[in-house]
Number of protein chains: 2
Amino acid sequence: MSLSTARPDPLTVEVEDLIGTVVARYYEEYERAAARHALTGPQARILALLTPAPLPMRQIARALKCEPSNVTGMIDRLVARGLVERRLDQDDRRVKLAAATERGAAISRHLRESLDFARVPLAGLTDAERLTLRDLLRRMLA
Amino acid sequence: MSLSTARPDPLTVEVEDLIGTVVARYYEEYERAAARHALTGPQARILALLTPAPLPMRQIARALKCEPSNVTGMIDRLVARGLVERRLDQDDRRVKLAAATERGAAISRHLRESLDFARVPLAGLTDAERLTLRDLLRRMLA
DNA sequence: TATTGTTATACTCTATAACTATA
DNA sequence: TATAGTTATAGAGTATAACAATA
């Protein structure tokens with residue numbers, strides 16, 4: 001009997017469902033937090049991506065796992081709201097860099113701070129428990 | 001200093017990031033699995049919702065956390081593909097029930113079985129570790 | 001009157017294909 | 001010729017507002 005077709009035990013199913021609930025809550029909270037700043041999820045993700053440093057359109061597409069043609073419109077909308085600006089790359093004149101403006105970066109930082117989903121529930125765990133959780137998640141993602 | 005504005009410790013930040021990675025991977029895998037059956041994410045979620053039992057349009061909207069007006073079109077597309085059918089509720093003639101067809105339910109079950117994201121990495125943990133993970137997740141979600 | 005589902009409309013995100021300007 | 005970004009287009013999901021049928 002192969003592993004992938006074996007009927008999972010009840011404990012594994014329960015953990016799977018718990019992870020599904022975590023995922024659903026995380027997404028909801030992220031969308032809600034973004035909406036408080038009149039941003040869509042993808043817009044908030046782009047802003048978070050550009051806050052450390054400007055990025056070529058191409059790399060934004062790769063990070064968002066979408067086609068480069070879609071990035072044009074998304075950046076257009078952020079530019080129209082003064083949250084992002086386009087810059088030319090001196091080394092390769094085909095490249096356009098998207099850079100968060102002061103206001104865009106400020107909103108992005110504020111948004112990140114307001115994302116309490118993980119922080120608040122985690123505060124209910126002891127240091128030792130957080131350490132255990134970290135190790136288990138690390139092994140799951142390895 | 002209030003809890004919500006306190007700078008979180010490095011361990012909490014790391015666990016937050018790990019959870020973010022879990023969420024991203026889970027979503028990607030779900031979309032990919034749905035796409036293998038030519039379904040979008042919301043379509044797959046509706047089909048999963050209807051596989052145990054038919055549901056009124058209104059309840060589908062609540063489960064998906066979207067406006068009821070959107071459910072009409074999504075069900076239309078599933079009906080057009082023979083995966084869902086509309087039924088009348090005998091008790092309240094305003095209500096329309098969406099029911100998964102035999103084929104729709106079969107696809108939904110097959111899709112669920114192919115969702116290996118959680119099952120495979122979880123297989124690398126011992127029973128005791130899965131138990132610990134379950135308890136920590138339960139407390140986070142409580 | 002209130003509720004269920006629908007229609008109409010507009011916006012955002014998505015992929016595909018064709019185009020431009022640079023390399 | 002290959003690559004970066006864009007435009008054009010079509011489909012899907014989303015919210016808002018107005019409507020018909022039923023309660």
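All values below come from the heavy atoms of this structure, side chains included, with hydrogens, waters and symmetry mates left out. Note that this is a predicted model, so its numbers are computed, not measured.
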Nearest-Å distance, CG (B/L97) to C1' (C/dG5)? 12 Å
Using a strict 4.0 Å threshold on nitrogen-to-oxygen distance, state whether A/E14 and B/R130 make a salt bridge. no
B/R86 CZ to C/dG5 P: how many Å, rounded? 10 Å
Choose from C/dT7, D/dT6, C/dC13 the nucleotide whose nearest atom is closest to any side-chain atom of A/R77. C/dC13
Using whole Å, what does the distance between atom P of nucleotide C/dA21 and atom CG of A/L88 come to? 14 Å
Rounded to whole Å, how long is the line connecting atom CD1 of A/I75 with atom C1' of D/dT6? 13 Å
Taking atom CZ as the centre, does B/R112 end up with more than 12 heavy-atom neighbours from other residues, nucleotides or ligands that are less than 6.0 angstrom away? no
With under 30° as parallel and over 60° as perpendicular, where do the rings of A/H37 and A/H110 fit, or are they tilted in between? perpendicular
What's touching nucleotides 18-20 of chain C from the protein side, N or O pairs under 3.5 Å?
none

Can you measure B/D89 atom CG to C/dT3 atom P for me and round it to whole angstrom units? 17 Å
Let me see the working for B/M57 and B/V95 under side-chain contact (heavy atoms from CB on, under 4.5 Å), right down to the final yes or no. CA-CA 8 Å; B/M57 308 294 275; B/V95 172; over 6 Å; no
Nearest atoms (heavy-atom pairs only) where A/E29 meets A/S114: OE2-O, 3.9 Å
Which residues, if any, of residues 26-62 of chain B bring a heavy atom under 4.0 Å of DNA chain D? B/T40, B/P42, B/Q43
Derivation and outcome, side chain to side chain donor-acceptor pair (under 3.5 Å), residues A/T132 and A/D135: CA-CA 5 Å; A/T132 303; A/D135 292 340; over 6 Å; no
Candidate pair B/R139 and A/L125, rule side-chain contact (heavy atoms from CB on, under 4.5 Å), full reasoning: CA-CA 8 Å; B/R139 285 178 53 196; A/L125 305 183; 3.8 Å; yes
Where at least one partner belongs to residues 66-79 of chain B, residue pairs that pass salt bridge (Lys or Arg N to Asp or Glu O under 4.0 Å), sequence neighbours excluded: B/D76-B/R86
Nucleotide-resolved protein contact map, nucleotides 15-23 of chain D, B/S/- at heavy-atom distance under 4.0 Å: BBB----BS
Report yes or no: does B/E129 contribute a side-chain atom to a donor-acceptor pair with the main-chain N or O of B/T126 at less than 3.5 Å? yes
All pairs passing side chain to side chain donor-acceptor pair (under 3.5 Å) where residues 50-64 of chain B contributes a residue, at least two apart: B/T51-B/S108
Kindly state each residue pair satisfying salt bridge (Lys or Arg N to Asp or Glu O under 4.0 Å) with at least one member in residues 93-111 of chain B, sequence neighbours excluded. B/D92-B/R94
